[in-house]
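For reference, the structure discussed in these notes is given below.
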Amino acid sequence: MALRIATWNINSIRLRRELVAKFLHFHAPDVLCVQETKVQDPDFPHAFFHKLGYRHIVARGMKAYNGVAIISRLPLKATLGERAGRDFCDRQDCRHISVKLPGGVELHNFYVPAGGDIPDPAANDKFAHKLRFVEEMTGWFADKAEHKGKKMVLVGDLNIAPLEHDVWSHRQLLNVVSHTPPETERMAALMETLGWVDSARHFVPADRKLYSWWSYRNRDWAASDRGRRLDHIWVTPNLKKSLAKSEILRAARAWDTPSDHVPVIVELA
DNA sequence: ATGGCTTACAAAGTAAGA
């Protein structure tokens with residue numbers, strides 16, 4: 001039996017719930033992880049997704065900013081207690097939520113801080129926060145006692161484009177937040193912890209351009225195609241042989257009133 | 001020319017995204 005997992009930075013779940021419905025209808029993931037829901041938990045549109053057959057929802061949101069949720073047609077088990085997620089950098093800013101899926105796969109949904117404009121932790125607190133956040137993720141996943149032997153999937157808007165061809169111009173973006181060496185080096189260290197497998201690059205060679213985000217500010221995003229791959233689905237090595245398919249839904253960037261991110265999907269056999 | 005746009009919010013201009 002196949003398991004389809006998707007991730008999508010939705011940039012307001014209330015504003016774009018019809019777009020999510022369209023995605024669920026045509027792409028039928030079993031589980032959808034969303035980021036930037038921008039809604040407090042009591043206001044999450046549970047009933048809307050229940051009617052679409054997605055009756056299992058865990059959400060962790062706050063007013064105006066951030067927020068993550070897992071929308072599923074399979075039963076979910078919370079693994080981290082009441083709040084369903086872990087706090088990073090001593091902030092309760094709703095950037096992580098995790099559940100266990102039927103069959104035992106543990107799923108982690110992250111919204112890593114964007115990091116602001118200036119790629120210097122001394123001059124920019126947001127960039128410092130981003131680096132610390134990834135370091136703390138690394139420390140946590142490096143704790144073998146907690147994670148040993150588990151089948152795990154890590155998804156989300158990680159806000160880092162790690163490889164040369166995960167951005168439209170490696171040379172021009174080396175000093176732009178999302179593709180700087182301090183970020184990509186930390187992401188590599190995070191991947192090392194459990195030997196995480198980058199599912200999109202498992203199917204697409206490293207020398208092919210691959211993006212999941214295009215700025216709103218571009219006049220014609222498709223023509224200029226100045227994208228970055230900021231959204232990821234990683235699996236632990238014990239799931240590598242189950243990887244059956246990967247898709248980045250570029251077409252969703254052209255949907256009416258789109259998010260600036262598009263859905264990323266993985267299928268596990 | 002990467003910021004030209006988009007979102008939320010004790011609503012007119014901020015803050016934030018990345």
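- Residues satisfying the side chain to side chain contact (heavy atoms under 4.5 Å, CB included) test with Asp220(A), not counting sequence neighbours, are Ala222(A), Ala223(A).
- Between dG3(B) and dA16(B), the distance separating the two C1' atoms is 14 Å to the nearest Å.
- Using a 4.0 Å heavy-atom cutoff across all strands shown, Trp221(A) reaches no nucleic acid atom at all.
- By the rule that hydrophobic residues join a cluster once side-chain heavy atoms approach within less than 4.5 Å of another member, Ile57(A) and Val39(A) end up as members of one cluster.
- Side-chain nitrogen and oxygen atoms of Arg16(A) include at least one within less than 4.0 Å of the OP1 or OP2 phosphate oxygen of dT7(B).
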Taking distance alone, no hydrogens or angles, what donor-acceptor pairs closer than 3.5 Å link side-chain atoms of residues 117-128 of chain A to residues at least two apart or in another chain?
| from | atom 1 | to | atom 2 | distance (Å) |
| --- | --- | --- | --- | --- |
| Asp120(A) | OD1 | Ala122(A) | N | 2.9 |
| Asn124(A) | OD1 | Lys126(A) | N | 2.9 |
| Asn124(A) | OD1 | Phe127(A) | N | 3.4 |
| Asn124(A) | ND2 | Gly115(A) | O | 3.0 |
| Asn124(A) | ND2 | Ile118(A) | O | 2.8 |

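- Comparing the P positions of dA11(B) and dA15(B) gives a spacing of 15 Å, expressed to the nearest Å.
- Atom P of nucleotide dC5(B) and atom CZ of Arg253(A) are separated by 13 Å, given to the nearest angstrom.
- Contact annotation for Ser224(A): no contact, since no heavy-atom pair falls under 4.0 Å across all strands.
- Rounded to whole Å, the distance from CG on Asp225(A) to P on dT2(B) is 14 Å.
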If a protein heavy atom is under 4.0 Å from the base, mark B; if only from the sugar-phosphate, S; if neither, -; do that for nucleotides 8-18 of chain B going 5' to 3'. SSS-----SBB
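- Aromatic pair Trp255(A)/Phe23(A): ring centres not closer than 6.0 Å.
- Applying the side chain to side chain contact (heavy atoms under 4.5 Å, CB included) test to Asn238(A) and every residue at least two apart in sequence or in another chain returns Lys151(A), Thr236(A).
- Annotation: dT7(B) and dA18(B) have their C1' atoms spaced 14 Å apart (nearest Å).
- Of the C1' atoms belonging to dT14(B) and dA1(B), the separation is 24 Å, rounded to the nearest Å.
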In residues 98-106 of chain A, what donor-acceptor pairs under 3.5 Å come from side-chain atoms, sequence neighbours left out?
| from | atom 1 | to | atom 2 | distance (Å) |
| --- | --- | --- | --- | --- |
| Ser98(A) | OG | Thr79(A) | OG1 | 3.0 |
| Glu106(A) | OE1 | Lys150(A) | NZ | 3.1 |
| Glu106(A) | OE2 | His108(A) | NE2 | 2.9 |

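- Whole-Å rounding puts the Asp220(A) CG to dT2(B) P distance at 15 Å.
- Rounded to an integer number of Å, the gap from Leu173(A) CG to dG3(B) P is 11 Å.
- Residue pairs satisfying the salt bridge (Lys or Arg N to Asp or Glu O under 4.0 Å) criterion with at least one member in residues 43-65 of chain A, sequence neighbours excluded, are listed as follows: Arg60(A)-Asp87(A).
- Using P as the reference atom, dG13(B) and dT2(B) are 30 Å apart when rounded to the nearest Å.
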